[in-house]
Amino acid sequence: MTRPDREPENRERENRERENRERESDDRYDAQRVEMKWSERWQKDSQLYAAERDSARKKYYVLEMLPYPSGALHMGHVRNYSIGDALARYMWMNGYNVLHPMGWDSFGLPAENAAIQNQTPPRQWTLGNIAKMKAQMKRLGFAYDWSREVTTCLPDYYRWNQWFFLKLFEKGLAYRKKSKVNWCPQCATVLANEQVLSNGCCWRHEDTLVEQRELEQWFLRITNYADELLRDLDTLGGWPEKVRTMQRNWIGRSEGTLIDFKLDYAENHKGFGPAGSSISVFTTRVDTIYGATSVQLAPEHPMVADLASANPDLRAKVDQLIAEQRKAKEAGDIGEIEKHGVFTGRYAINPFNHERIPVWVANYILMDYGTGAIMSVPAHDDRDYEFARKYNLEIRLVILPISNDPEETMTEPVLPFTAHDGMLINSGPYSGMDSADAIKTMSRFAEQNGFGKATVTFRLKDWGISRQRYWGTPIPMLYCEKDGIVPVPETDLPVILPENIEITLAGGSPLGHVPEFVNTTCPKCGGRARRETDTMDTFVDSSWYFYRYTDAHNDRAPFDSKVVQYWFPIDQYIGGVEHAILHLIYSRFWTKFMRDVGLVSNDEPVERLFTQGMVIKDGAKMSKSLGNVVSPDEMVARYGADAARLYSLFAAPPDRDLDWQDSGIEGIQRFLGKVHRFFKNNPISDITERQRPLPAQLNPSARSLQRKLHQTIKRVTDDFQGRWHFNTCISAIMELLNEANRRMLGSEDTSNPNTGERVKGDEIPPGLLAEVEHTLVLLLAPFAPYLAHELWEMIGETGNLLKAPWPHYDAALAKEEELEIPVQINGKLRGRILVPADASETFVLETALADEKVKSAIAGKTIVKTICVPGKLLNIVVK
RNA sequence: GCGAAAGUGGCGGAAUUGGCAGACGCACCAGACUUAGGAUCUGGCGGGUAAAACCGUGGGGGUUCGAGUCCCCCCUUUCGCACCA
């Protein structure tokens, strides 16, 4: 099979024979056959992708968000995992000890729905789906360390959810309270605020309105960490700014002052709460309090209910306001609600100036922010201004703009004047102070006199984790008639989720209908006790699963802290931006809690976060109703796993949306076939020939190929390490192949390329050809692992490609010897000249001036100036 | 309304720091090979022209020898947030 130094007749005969062989068996690359072959080999080696324990090498933890086992992967998954897999393979080739695990976020409502629909128990349905999707992942060739697989619905995982819950309870971070909760009638369960869409609908049922109900619920005190969660966002330099901003908004920190307005009892009204009670308001602008001309309550403020109970007329009006507010919330345009209000007939006392001001109820005041009550300062707040104009409330100016020009200081501003850098007037002893000083001074005064204090309010609410559903982690709590709320002792964990139970979507928690589960004994008194029948929100499962990967089979603890310390933080986390808030804020909270109880030493779980774009088709998100769903199985069957993966990386940069086009993946399939054909047509087998030839030994054609080779290594490496633009990595590899094909087919022989007379190939020494092919395989390995492995074998390599070192480029070999320099006259392209790469400026200019096109372009004009950018261009300015 | 990202051929997209706009791929056109071509190979492919000139990166201005890239104004799209007191 060695090529050179054959007698011509021999070579011709050989070529003819090869031609015939090719024609008989289809010439095309049989991706299915090759991929199945490697897939089988890879299955046999369970240690292939295993992360090393006690490794001396530098670690790299690359993680893709774990999927919900719905039953089938979609293209978004394929894209997500193709990015992660390329990175994992690249890091292996760069010598890192890589942790690349996968698991299943396998609790949740769809399993219950499926149970009802198909009469299949949730566990069976879920595990069946996992098996299917795992097979898909293996077929796609993703390099996961399956020995660390985490399945959140199995007791060996969820027992640690329960264990964490006990720890949280012990630290006072888990508590029970009755509260208004979001209730989705479709899910028949409570939703976290995060799970209610902005249009007031359920995140799972986008056309089902969420209702409000009063229920006893378990909450986690995430608000204890609100400040730190906000502050540490600044340390997450490897996160997209967009995600950090979203989290900042979500946490919604706001500094201000709480002020109590005492109710005026001079008139001794009944039904206005106990005597002496007051309305607490939150304001960021206590400096404007002398301009407060009313107090406004949210329609659902408890005090309003008291008031209205004695006043049917008011009751009716308040109900109207509640209805308006709810409607606006449901429609998702609470911001555009038409402001309405009603005077309660009562008054409150401004503690600063002891003025008596009316108490109103207004539909734009939200019960779930601040205290559900505000002081209304029409002169200095847009909303208050609008409201006051509408209802003819007094508008009193108390802040003036400060101007650098003393003449202007006292001009009256256009109302409402809301700037923060004003000066107080009409404000008693505070008149003349600037706003910032006044806020401090007045807050202190309020605190000293016991009617208020400086405070910080967050939009972030405590995390309600109770779900009235079956398919989740049982909350390990008991209710004893004598001892009240009693935690399940740690030694009794796990509280096993019973099987074979009837599931309905009505009638509260399904576990409540299982007496064997519910009825138990109190560990304190031995008396009768009931188990908690609610299960945990599935976001609990995903808040710490990535720690479990590091030590997945530990049955004494959720993980070994030492092992975690080696692997954490996660070096690169990859997933959809739709998890920017919920999952990522909960996991950050969980990490901080674990740190505080001494389990981990890192403050944050994720060093670098990457949010990929969506996969769309025909300009729209894939959905069954639009009928534009592309199935990974079908793509793999038609084009192969490599093609599906490569296309999902090639079609767009990974952070942008990807518009799926079937003709595009066909192009990728052709490319893979072309690569394979190149190796088949240009075999290298004699190991001794594999020596990098010196540039001086090469003819221009070979030297040019060698240069392209090293330029390509540089481009692929740079784009991988820097911008993560896999599309340009792949196009660089395509260019290299095109160049190699051109050189091997021979430029003088293009008229008859298919006769087998690839004589020009002789210009390329075997050593260079070997280097080209060797490098091509390495460059391709992270993106198209199947083909890469096949080619690796074809060129006679026996080592493990997965750990083969990533190629290095030689800057000297990559360097151009001659450059084509564009010549501009007055900024317009007028010619090109060929100069040595190290040509001096003078030489470039002289060469340019000798060029015919340039000559004619500047004929009769005077050269005013020349700009020469070395290696880039020459611009001659003439007049 | 606020914030962020984006707008480049028929399409997906290149152009990383202000330096040849359109790499790579798709689609299309022509040719070669062929019993055949949904295989493969070669060539062409922003508009315009006989060829040039010239015109071209959402629109308008500006800075510069030189602008897709920087500055100002405007338009459109996508995403996020939104009476947050």
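A, B, ... follow the sequence lines: proteins, then strands. Residue 1 opens every chain.
Base pairing of B/rC2 is made with B/rG80, judged by Watson-Crick or G-U wobble geometry with both donor-acceptor distances under 3.5 Å. The pairing partner recorded for B/rC24 is B/rG12, the criterion being a Watson-Crick or G-U wobble arrangement whose two distances lie under 3.5 angstrom. In this entry B/rG38 has no Watson-Crick or G-U wobble partner, no candidate having both defining distances under 3.5 Å. Judged by Watson-Crick or G-U wobble contacts below 3.5 Å, the nucleotide B/rC65 has B/rG19 as its partner. Using the Watson-Crick or G-U wobble rule with both distances under 3.5 Å, B/rA50 pairs with nothing in any strand shown.
A sub-4.0 Å separation between OP1 or OP2 of B/rA15 and a side-chain N or O of A/Arg723 is present. Residue A/Arg670 places no side-chain N or O under 4.0 Å from the OP1 or OP2 atom of B/rC41. One finds a side-chain N or O of A/Arg383 lying less than 4.0 angstrom from the OP1 or OP2 phosphate oxygen of B/rC84. Contact annotation: A/Arg742 side-chain N/O to B/rU42 OP1/OP2 distance is not under 4.0 Å. Distances shown here put a side-chain N or O of A/Arg677 below 4.0 Å from the OP1 or OP2 atom of B/rC41. In this model, the phosphate group of B/rG19 is not approached by any side-chain N or O of A/Lys828 to a distance below 4.0 Å at OP1 or OP2. The shortest distance between the side-chain N/O atoms of A/Asn249 and the OP1/OP2 oxygens of B/rA82 is not below 4.0 Å. Look at A/Lys242 and you won't find any side-chain N or O under 4.0 angstrom from OP1 or OP2 of B/rG80. One finds no side-chain N or O of A/Thr866 lying less than 4.0 angstrom from the OP1 or OP2 phosphate oxygen of B/rC65. Side-chain nitrogen and oxygen atoms of A/Asn727 include none within less than 4.0 Å of the OP1 or OP2 phosphate oxygen of B/rA23.
Using a 4.0 Å heavy-atom distance criterion, A/Phe671 is classed as making no nucleic acid contact. Within 4.0 Å (heavy atoms only), A/Val869 reaches at least one base atom of the nucleic acid. If you check every strand for non-hydrogen atoms under 4.0 Å, A/Asp719 touches a base. Within 4.0 Å (heavy atoms only), A/Ser254 reaches sugar-phosphate atoms of the nucleic acid but no base atom. Residue contacts for A/Asp659: at a heavy-atom cut-off of 4.0 Å it reaches no nucleic acid atom on any strand shown. Residue A/Gly667 is classed as a sugar-phosphate contact, given heavy-atom separations below 4.0 Å to backbone atoms only. Within 4.0 Å (heavy atoms only), A/Arg830 reaches sugar-phosphate atoms of the nucleic acid but no base atom. Among the heavy atoms of the strands lying under 4.0 Å from A/Asp657 are primed sugar atoms or P, OP1, OP2 only; no base atom is included. Heavy atoms of A/Ile668 sit nowhere under 4.0 angstrom from any nucleic acid atom.
A/Asp655 has its CG atom 9 Å from the P atom of B/rA14, to the nearest Å. Atom CG in A/Leu321 sits roughly 14 Å away from atom C1' in B/rC83 (whole-Å rounding). The distance from atom CD of A/Glu735 to atom P of B/rG13 is 18 Å, rounded to the nearest whole Å. Between the P atom of B/rG13 and the CD1 atom of A/Ile730 lies a distance of 14 Å, rounded to the nearest Å. Computed from coordinates, the A/Leu874 CG to B/rG66 C1' distance equals 12 Å when rounded to whole Å. When the C1' atom of B/rG25 is taken as reference, atom OH of A/Tyr647 falls 9 Å away, rounded to whole Å. Between the CE atom of A/Met614 and the P atom of B/rA6 there is a distance of 17 Å, given to the nearest Å. The distance between atom CH2 of A/Trp250 and atom P of B/rC84, rounded to the nearest whole Å, is 16 Å.
A/His710 approaches A/Tyr809 most closely through the heavy-atom pair O-CB, 3.4 Å. Contact detail for A/Tyr391 and A/Gly341: the closest heavy-atom pair is OH-N, 3.0 Å. Closest approach of A/Ile259 and A/Pro351 over heavy atoms only: CG2-CG, 3.6 Å.
Checked by atom type and distance alone, the side chain of A/Asn826 pairs as donor or acceptor with a backbone atom of A/Val878 at under 3.5 Å.
The separation of B/rU69 from B/rU16, taken at their P atoms, amounts to 13 Å, rounded to a whole angstrom. B/rG68 sits 13 Å from B/rA6 when the C1' atoms are compared, rounded to a whole Å. For B/rA53 and B/rA21, the P atoms lie 12 Å apart once the distance is rounded to whole Å. On the P atoms, B/rG18 is 14 Å away from B/rA67, given to the nearest whole Å. Spacing between B/rU64 and B/rG19 at atom C1', rounded to whole Å, works out to 12 Å. Using C1' as the reference atom, B/rA27 and B/rC45 are 11 Å apart when rounded to the nearest Å. When the P atom is used for both B/rG62 and B/rG7, the distance is 24 Å, rounded to whole Å. Taking atom P on both B/rC2 and B/rC74, the two are 11 Å apart, rounded to the nearest angstrom.
Listed nucleotides: B/rC65, B/rA27, B/rC83. Nearest to the side chain of A/Ser663: B/rA27. Set against B/rA14, B/rG19, B/rG25, the side chain of A/Thr728 has B/rA14 as its closest nucleotide. Here B/rC84 is the nucleotide among B/rG25, B/rC84, B/rG13 with the atom lying nearest to any side-chain atom of A/Arg459. When distances run from any side-chain atom of A/Ala651 to the nucleotides B/rG66, B/rG12, B/rG25, the shortest one goes to B/rG12. For A/Tyr369, the side-chain atoms get nearest to B/rA85 when compared with the rest of B/rC83, B/rA85, B/rG12.
Of the two residues contacting RNA chain B, namely A/Arg656 and A/Thr245, the nearest-nucleotide position lying further toward the 5' end is that of A/Thr245.
Both tests do not hold together for A/Lys339 against A/Phe387: distance to the six-membered ring centre under 6.0 Å, angle to the ring axis within 45°.
Considering CD1 of A/Ile279 and OG1 of A/Thr371, their distance stands at 9.0 Å, rounded to 0.5 Å. Atom-to-atom distance recorded for A/Arg723:CZ and A/Asp655:CG is 10.5 Å, nearest 0.5 angstrom.
B/rG12 adopts an anti glycosidic conformation, its chi angle falling more than 90° from 0.
The six-membered or imidazole ring of A/Phe679 lies away from that of A/Tyr29, with a centre-to-centre distance of 6.0 Å or more.
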Under the criterion side-chain hydrogen bond (donor to acceptor under 3.5 Å, both in side chains), I'd like the reasoning laid out for A/Ser704 against A/Glu739: C-alpha separation, chi angles, the key distance, then a yes or no. CA-CA 9 Å; A/Ser704 169; A/Glu739 175 79 10; 3.2 Å; yes
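Remark: A/Arg248 engages A/Asp234 in a salt bridge, criterion side-chain N to carboxylate O under 4.0 Å.
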